[in-house]
Amino acid sequence: MTDTPAYADWQALADKEVKGKDLTWHTPEGIAVKPLYTADDVSVDPGLPGFAPFTRGVRASMYAGRPWTIRQYAGFSTAEESNAFYRRNLAAGQKGLSVAFDLATHRGYDSDHPRVTGDVGKAGVAIDTVEDMKILFDGIPLDQMSVSMTMNGAVIPILAFFIVAGEEQGVERRLLDGTIQNDILKEFMVRNTYIYPPEPSMRIISDIFGYTSREMPKFNSISISGYHMQEAGATQVQELAFTIADGMEYVKYGVASGLDIDKFAGRLSFFFAIGMNFFMEIAKLRAARVLWHRVMTRLGAKDERSKMLRTHCQTSGVSLTEQDPYNNVIRTTIEAMAAMLGGTQSLHTNALDEAIALPTDFSARIARNTQIVIQEETGMTKVVDPLGGSYYIESLTQELVDKAWEIIERVESEGGMAKAVAAGWPKAMIEEAAAGRQARVDRGDDVIVGVNKYRLANEDLLETLEVDNAKVREGQIARINAVKAARDEAACQAALDALREGAKGKGNLLELAVEAARARATLGEISQAMEDVFGRYATRPTPVKGVYAAPYEDDSRWAQVVDGVKAVERRLGRKPKLLVAKMGQDGHDRGANVIASAFGDMGFDVVSGPLFQTPEETVVLALETGVDVVGASSLAAGHKTLIPELIRGLKEAGRNDIKVIAGGVIPPQDYEYLRDAGVQGIYGPGSNVVECAADVLRLLGHNMPPLQEAAE
């Protein structure tokens, strides 16, 4: 019998094989990942599934007893089209609904509002009235179906419409099952589909906790979301820490409003992104359960259900690529497996075409069937927490717990998450991480197959779904007018007045909104009644500096662009000036902020425009600030409406000389349309920012040679 080799023996053999090369990998989270883990790296016993601190799962039997719920997050222009899509998916094996609303709805505007002409029905379903909500769930029994609704800003009218639609379907409130996102702190940090200032927004959350804990015992009153943090560029440690800290803040607000912690905490749920760092994502979900158990114990919860972190997961949207898009099927499958091995309670798998458009029936079927195949064909569900006890997984789980706890302790030492969000440092941390990630991708340090390595010489166009925005808006306006014509106007206005008074005082806002919904008040009217008291919140982006530039210190391509900017500056007598514009109601600003940061680091004078501008407001800002270029950032399919309006406005102002470029989620088949409208540069997902800057310099008349030649 031979002696078992020691770690030193392995190290010597590995060094010989790789000729002394250091195989340690440093992740964006600052975690040093060794090439080998042993029992010596595991310091904490993870326990058993179903028992505190629930590292290995919140249920003893997990998927061996019942698989996770298959959800597909979807909303298609109108309630009728969305309903048809839901019913097809349910017939094909989907188990729960997950509703995506359009941006006009998210921001509390009816479809007839002048600020949302380009947004209606474009990135989800338009919901203006109870009638829309009833059509959305027509033929779908709400006492038998779990419904998840991703809504934060206009959470009060949407939840009120859902309750009334259920009542009029014959379903009592106490039988309604599902989840409302209702996570406003995350909106102030990254996604930006807020309406009201932070303080009244937190009151809204407390009122929803109070109402649902009394009236809707099966309904999850909040889904505390890290998903949008990772999509905005957060590392997994940041996503984990800030999500748990948000949850702590919501619990404290609920208790402060007079609720018993164990009466509402068991109905809180979470929502995490699952990206391409496979083992990190598995460990993140395990660490989240450990942290939540620790937090809730310290906050005074006694019921073990209050300390269980239950989560929905969604595969990453940011990891999807426009280039070589069939690779996205592979990416989504890997991410789905990570969510499953981490112990999620429900899962949405993204479709292969979602980097550029809403999914088609074809792509959505592949995405849904990814989960069905994992559940039915692989045997993965037969063993509870199959990676439990893995030296690497257990070590990584503990490292994530420790690193996230450091951030949580900082949040608590500074007065909690609401104060941290107001101070702005969590958002700045995430934006720094996003800029650093973009620089690594652009340099090729982080490989994305088909984008910065193994690139196809020619890309085939995908057939994508396009929504006729004008037609949808016309139909929505007709329905709004019909609802208003048929309602008891005096009763409706009385209900809205009561809601307005409740906002001034102590009435429960959801309870009052339900009455307004019954009286057929529209979403915009209910939102406006509260806005009359609370006001509408607005911020202006502040790009981070120096983060994108840092990895480029000795890069010849970077140096060539910086020299080009200086040459244009000498010719103009000032720095070339770029306005980064966010038009429409899309609040996702990762791309806009990365561009602003990177171009600023290259030497451009950058103006970061406010979120939610109209084309007319963008024209005024461009003229006032004297820019040379307007870069329109589009992520929500409003580009064919908003960008041509911007160009017309500049022409009418006599400023044809101001160049208009566009970036973001723009299907390649729309490029010709935009070029015909006057767009001079289009940069879709996966575009290299340094090359984009070189192209902009050419538009400004600089003789910029191809960067590849300079690099060679």
Side-chain angles (χ1 to χ4, degrees), residues 42-69 179 220-227 236-237 239-248 250-251 261-274 279-314 337-347 380-405 407-408:
V42 179
S43 59
V44 177
D45 181 354
L48 292 171
F51 293 90
F54 309 109
T55 313
R56 303 191 64 188
V58 294
R59 297 171 63 237
S61 59
M62 287 302 289
Y63 309 138
R66 185 180 71 196
W68 66 90
T69 300
T179 304
N220 297 315
S221 53
I222 194 168
S223 175
I224 304 153
S225 174
Y227 183 87
Q236 276 92 336
V237 167
E239 177 194 8
L240 176 59
F242 292 137
T243 304
I244 297 297
D246 278 351
M248 292 176 68
Y250 294 135
V251 169
I261 191 170
D262 286 317
K263 288 289 194 297
F264 73 91
R267 300 310 305 175
L268 307 184
S269 67
F270 287 78
F271 175 26
F272 286 102
I274 304 295
F279 293 108
M280 187 74 75
E281 294 293 7
I282 296 167
K284 182 185 74 183
L285 297 185
R286 303 169 98 252
R289 291 191 288 271
V290 173
L291 287 166
W292 190 241
H293 185 272
R294 181 187 297 179
V295 161
M296 292 303 289
T297 301
R298 294 189 181 195
L299 290 176
K302 305 298 183 196
D303 188 338
E304 285 299 287
R305 182 172 172 76
S306 300
K307 304 176 187 180
M308 289 181 185
L309 182 143
R310 296 164 302 113
T311 190
H312 172 68
C313 289
Q314 180 174 341
M337 289 171 58
M340 170 262 166
L341 290 167
T344 191
Q345 277 60 65
S346 65
L347 178 63
M380 290 186 189
T381 62
K382 306 303 183 186
V383 175
V384 180
D385 188 29
L387 292 186
S390 156
Y391 300 142
Y392 178 37
I393 286 293
E394 299 302 352
S395 175
L396 193 54
T397 298
Q398 190 56 44
E399 184 131 25
L400 285 172
V401 167
D402 294 342
K403 284 190 174 294
W405 191 250
I407 296 176
I408 292 167

Exercise. Of all heavy-atom pairs between Ala338 and Ile274, which one has the smallest distance, and what is that distance?
Worked result: CB-CG2, 3.8 Å

For this session: Calculate, to the nearest 0.5 Å, the distance between atoms CD1 and CG belonging to Ile224 and Asp246 respectively.
Result: 7.5 Å

Problem set entry | Any donor-acceptor N/O pair, Thr344 side chain to Thr311 backbone, under 3.5 Å | yes

Exercise. What's the spacing between Glu281 CD and Phe272 CZ if we round to 0.5 Å?
Worked result: 10.0 Å

Exercise. How long is the span from the CD1 atom in Ile244 to the CZ atom in Arg294, to the nearest 0.5 Å?
Worked result: 10.5 Å

Exercise. With distance as the sole test, does Thr243 use its side chain to make a donor-acceptor pair with the main-chain N or O of Glu239 at under 3.5 Å?
Worked result: yes

Exercise. Which is it for Arg286 and Val401 under the side-chain contact (heavy atoms from CB on, under 4.5 Å) test, yes or no, and what are the steps along the way?
Worked result: CA-CA 9 Å; Arg286 303 169 98 252; Val401 167; over 6 Å; no

Exercise. Does the side-chain contact (heavy atoms from CB on, under 4.5 Å) test come out yes or no for Leu309 and Val58, once each step is laid out?
Worked result: CA-CA 7 Å; Leu309 182 143; Val58 294; 5.6 Å; no

For this session: Grab the two heavy atoms, one from Ala283 and one from Leu396, that are nearest each other, plus how far apart they are.
Result: CB-CG, 3.8 Å

Problem set entry | Atom pair OG/CZ of Ser390 and Phe279 - distance to nearest 0.5 Å | 7.0 Å

Exercise. Would you find a donor on one side and an acceptor on the other, under 3.5 Å apart, between the side chain of Arg267 and the backbone of Ser221?
Worked result: no

Exercise. What are the two closest heavy atoms between Met248 and Trp292, and how far apart are they?
Worked result: N-CZ3, 3.9 Å

For this session: Report the relative orientation of the aromatic rings in His312 and Phe271; use parallel for angles under 30°, tilted for 30 to 60°, perpendicular for over 60°.
Result: tilted

Exercise. Ser269 side chain to Arg310 main-chain N or O, any donor-acceptor pair under 3.5 Å?
Worked result: no

Exercise. If you measure from CD on Gln398 to CD on Glu394, what distance do you get to the nearest 0.5 Å?
Worked result: 9.5 Å

Problem set entry | Non-hydrogen atoms of Ala287 and Leu240 that approach each other most closely | CB-CD2, 3.8 Å

For this session: Look at the side chain of Asn220 and the backbone N and O of Ile222, then say whether any donor-acceptor pair between them is shorter than 3.5 Å.
Result: no

For this session: Please answer whether the main-chain N or O of Ala273 pairs with a side-chain N or O of Lys284 as donor and acceptor at a distance below 3.5 Å.
Result: yes

Seminar exercise, completed: dist Leu341:CG -> Met380:CE (nearest 0.5 Å) comes out at 6.5 Å

Problem set entry | Minimum heavy-atom distance between Thr179 and Ser223, given as atom pair plus value | CG2-CB, 3.6 Å

Exercise. Is there a donor-acceptor pair under 3.5 Å between the side chain of Arg56 and the backbone N or O of Asp385?
Worked result: yes

Problem set entry | Derivation and outcome, side-chain contact (heavy atoms from CB on, under 4.5 Å), residues Met62 and Gln345 | CA-CA 9 Å; Met62 287 302 289; Gln345 277 60 65; 4.0 Å; yes

Problem set entry | Closest non-hydrogen atom pair between Ala339 and Leu285, with its separation | O-CD1, 3.8 Å

Problem set entry | From CA spacing to verdict: side-chain contact (heavy atoms from CB on, under 4.5 Å), Leu347, Met340 | CA-CA 8 Å; Leu347 178 63; Met340 170 262 166; 5.8 Å; no

